[in-house]
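Here is the naming used below: chain letters follow the sequence lines, and residue numbers restart at 1 for every chain.
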Amino acid sequence: MKEILIEEIKKALAEVGAEPTREILIEKPNDEKFGDASSNVAMTLAKELKKNPRQIAQELVSKFKFNPEQIERVDVAGAGFINFYFSKSLLQQSVAQILAQGEQFGKSNVGVGKKAIVEYVSANPTGPLTVGRGRGAVLGDCIANLLEAQGYSVTREYYFNNAGRQMRLLADSVRLRYLERCGKSISFPDDYYQGDYIKDIAEKIFAQKGNTLEGETDLSFFKEFAEAEIFASIKRTLLRLGIQHDSFFNEKSLYEKVQGGKSRNEQVIDMLEQKGFIERKDGAVWFKTSLLGKKKVEDGKEIPVDTVLVKSNGEPSYRLPDIAYHITKYTRGFDLIVNVFGADHIDEYPDVMRALDVLGYDTSRIKVAINQFVTTTINGEQVKMSTRKGNADTLDALIDEVGADATRFFFVMRAKETHLNFDLELAKKQSSDNPVFYLQYAHARICGIIRVAEEKATLNAEAISPDFVKVLNAKEELDLAKELMRFPDAVSYAANSLEPQKMIMYLNGVAERFHKFYQECRIVGEEEPVMKSRLLLALATRQVLRNGFKMLGICAPERM
RNA sequence: GUGCCUGUAGCUCAGUUGGAUAGAGCAACAGCCUUCUAAGCUGUGGGUCACUGGUUCGACUCCAGUCAGGCACGCCA
């Protein structure tokens with residue numbers, strides 16, 4: 001529908017002899033008396049054409065040739081808004097169209113033939129997922145769903161590192177707990193992993209091996225055992241939320257030699273060196289980010305800053321594999337690269353972008369979704385989340401308390417850049433305060449109506465002729481149809497901005513319109529044509545809710 | 001100290017390249033169930049859009065500064 005309006009505006013502009021300098025925007029006015037769709041195109045052109053915006057709008061409107069079956073009338077209002085009013089038959093037909101398209105309704109083909117990669121979670125296997133991680137996990141998953149709905153072929157990737165200092169620390173933490181379990185007295189350092197899960201892993205080792213590993217000083221067994229346990233637990237937690245990755249990318253592979261005898265890490269250094277961005281000093285290899293404008297300010301003076309890629313002990317810093325990893329996203333042929341990560345990783349990303357940029361990669365393909373932290377409060381008191389300290393609020397515990405649907409919903413119902421305050425006490429309450437119930441209730445209600453209607457009127461709702469949509473007439477019916485019609489726009493809007501919460505906002509509107517319709521319009525017991533037309537509308541509403549729920553990854557319950 | 005994010009109703013938050021009378025849920029108050037699920041619907045009250053200045057026909061939106069909170073600032077990952 002939007003396309004039709006934009007097309008017609010473009011045609012009219014051409015006739016008037018004006019060029020649309022900016023994208024033509026169609027909005028839904030916030031007051032229904034201003035029509036069903038609105039454009040401010042006349043006002044944006046006022047300055048260039050040196051004309052009164054109202055006059056421009058009038059001229060455009062006089063050129064419009066709309067099908068009266070679709071657009072009833074067009075007005076000019078306010079400072080120069082062009083307001084469109086949809087005709088009844090358009091709304092009626094849209095209901096039939098939704099039912100015909102079924103699960104496909106809301107999908108778009110803008111991404112067909114394009115490959116997208118969404119990297120999310122990417123937590124190293126050092127402990128259970130925290131509540132804070134859950135936000136990025138759900139956000140990333142919803143973004144992947146939305147992109148799929150846009151037609152992209154989407155790869156969901158988890159990038160992880162099972163080497164390095166943190167893993168050694170983890171392994172030794174497990175070893176010490178194991179010795180403790182064997183009855184040895186140990187001293188457990190403060191900077192080791194404190195969580196109870198370490199003891200659980202040690203317990204498992206003890207159950208399998210008894211005290212045969214007491215004298216073991218090599219950490220590799222402990223490391224591998226702990227890693228396998230923790231990874232399994234992470235995957236289990238994610239699965240509870242319906243999250244499954246297609247690909248697990250091990251950072252270690254970037255250290256391994258590929259054809260030509262060099263690792264991908266080394267290749268990055270070679271390429272940067274060719275471009276003149278490498279400097280070797282103090283025994284380390286530096287990326288000359290200072291040449292690219294990186295600086296810090298100290299005592300009012302600006303100091304250019306370079307970045308270490310290989311430490312003086314010969315080990316790469318994490319930035320080097322990060323760059324190499326991103327290059328693989330290009331070489332693997334992804335057209336759209338989405339990275340989802342928490343605010344704590346905000347500093348590494350400009351370095352990666354700088355490197356990709358100087359190496360000639362098109363960084364406009366990369367979209368970054370940075371989610372702010374989740375602060376959890378218990379009894380009004382803030383709890384800091386840290387895996388190492390062991391007082392972490394685990395994502396698993398949260399799912400136990402509030403269920404998978406509410407967990408997913410809570411994490412994406414707010415804009416990602418807000419600091420989400422997750423009140424555990426409130427979330428535990430399984431009451432009607434819970435906003436996810438409002439949506440799901442609408443779905444359950446529809447299912448209930450259809451059940452009763454099929455029983456009492458002995459009919460098959462799915463088999464009702466779509467011709468009955470022509471009976472739809474009441475304001476509440478047409479308002480609901482109008483809202484349903486907007487679904488495809490809502491999906492692409494949410495997908496383009498990587499903001500699943502816009503989907504929730506939209507679905508809330510649908511539920512609201514449905515509840516109003518329900519209040520005013522009875523279905524069962526009405527005359528047959530009216531009943532059938534309303535059943536069609538209810539079915540279309542159910543379809544939109546289902547399609548939307550699927551993108552959010554929440555259930556569509558038949559009863560509540 | 002520097003960078004990024006945030007500040008909108010009592011609370012949690014929406015607010016579409018700057019546009020029409022700043023919205024929703026919860027909480028409060030008042031109504032609506034002999035009829036398809038009242039986890040719903042209707043209505044009322046509630047605002048210095050953190051503060052100050054600037055840009056312009058027009059600013060919650062853009063710019064500058066101030067205040068408050070979060071995060072990050074390592075040859076840790």
Between [N] ([atom2]) and [X] ([atom1]): distance, integer Å:
X	N	atom1	atom2	value
A:F410	B:C26	CZ	P	13 Å
A:L439	B:A39	CG	P	16 Å
A:Q501	B:U6	CD	P	12 Å
A:I303	B:C73	CD1	P	18 Å
A:E348	B:A77	CD	C1'	9 Å
A:Q519	B:A39	CD	C1'	13 Å
A:H443	B:C36	NE2	C1'	16 Å
A:H345	B:G70	NE2	C1'	17 Å

Would you kindly check whether a donor in the side chain of [X] faces an acceptor in the base of [N], or vice versa, at under 3.5 angstrom?
X	N	value
A:N508	B:A14	no
A:S317	B:A77	no
A:T418	B:C13	no
A:H419	B:C71	no
A:Y318	B:A77	yes

Query raised in the report: Is the CZ atom of A:R513 crowded by more than 12 outside heavy atoms at less than 6.0 Å?
Result: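 It does: A:R513 CZ has more than 12 such atoms within range.
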
Query raised in the report: Checking salt bridge (charged side-chain N to carboxylate O under 4.0 Å, His left out) for the pair A:K482/A:D36: CA distance, chi angles, key distance, verdict?
Result: CA-CA 8 Å; A:K482 225 178 261 176; A:D36 302 314; 2.8 Å; yes

Report task. Based on the glycosidic angle (syn within 90° of 0, else anti), state the conformation of B:C11. Result -> anti

**Report entry** ring centroid sep under 5.5 Å plus plane angle under 30, A:Y493 with B:U16
**Finding:**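 It does: the two rings, one from A:Y493 and one from B:U16, meet the stacking criterion.
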
**Report entry** Whether A:F373 stacks on the six-membered ring of B:G70 base, 5.5 Å and 30° limits
**Finding:** no

Options [options], nucleotide nearest the side-chain atoms of [X]:
X	options	result
A:R414	B:C75, B:C13, B:C36	B:C13
A:H515	B:G19, B:C75, B:G40	B:G40
A:R451	B:U37, B:U16, B:U35	B:U37

Give a yes/no on whether any side-chain N or O of [X] is located under 4.0 angstrom from OP1 or OP2 of [N].
X	N	value
A:K311	B:C76	yes
A:K456	B:U35	no
A:K516	B:U42	yes
A:R319	B:C76	no
A:Y438	B:C26	no

Requested in this report: Give A:D306 one of three labels, base, sugar-phosphate or nothing, depending on what nucleic acid heavy atoms sit under 4.0 Å from its own.
Outcome: nothing

Query raised in the report: Is A:K28 touching bases, backbone alone, or none of the nucleic acid, heavy atoms closer than 4.0 Å?
Result: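 Answer is nothing: A:K28 stays at 4.0 Å or more from every strand.
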
Query raised in the report: Taking a pair as Watson-Crick or G-U wobble with both distances under 3.5 Å, which nucleotide is matched to B:C67?
Result: B:G7

Report task. Determine the Euclidean distance between corresponding C1' atoms of B:G46 and B:A27; express it in Å to zero decimal places. Result ->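 So the two C1' atoms sit 11 Å from each other.
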
Query raised in the report: Quick check: does any side chain N or O of A:E477 sit under 3.5 Å from a backbone N or O of A:A474, one acting as donor and the other as acceptor?
Result: yes

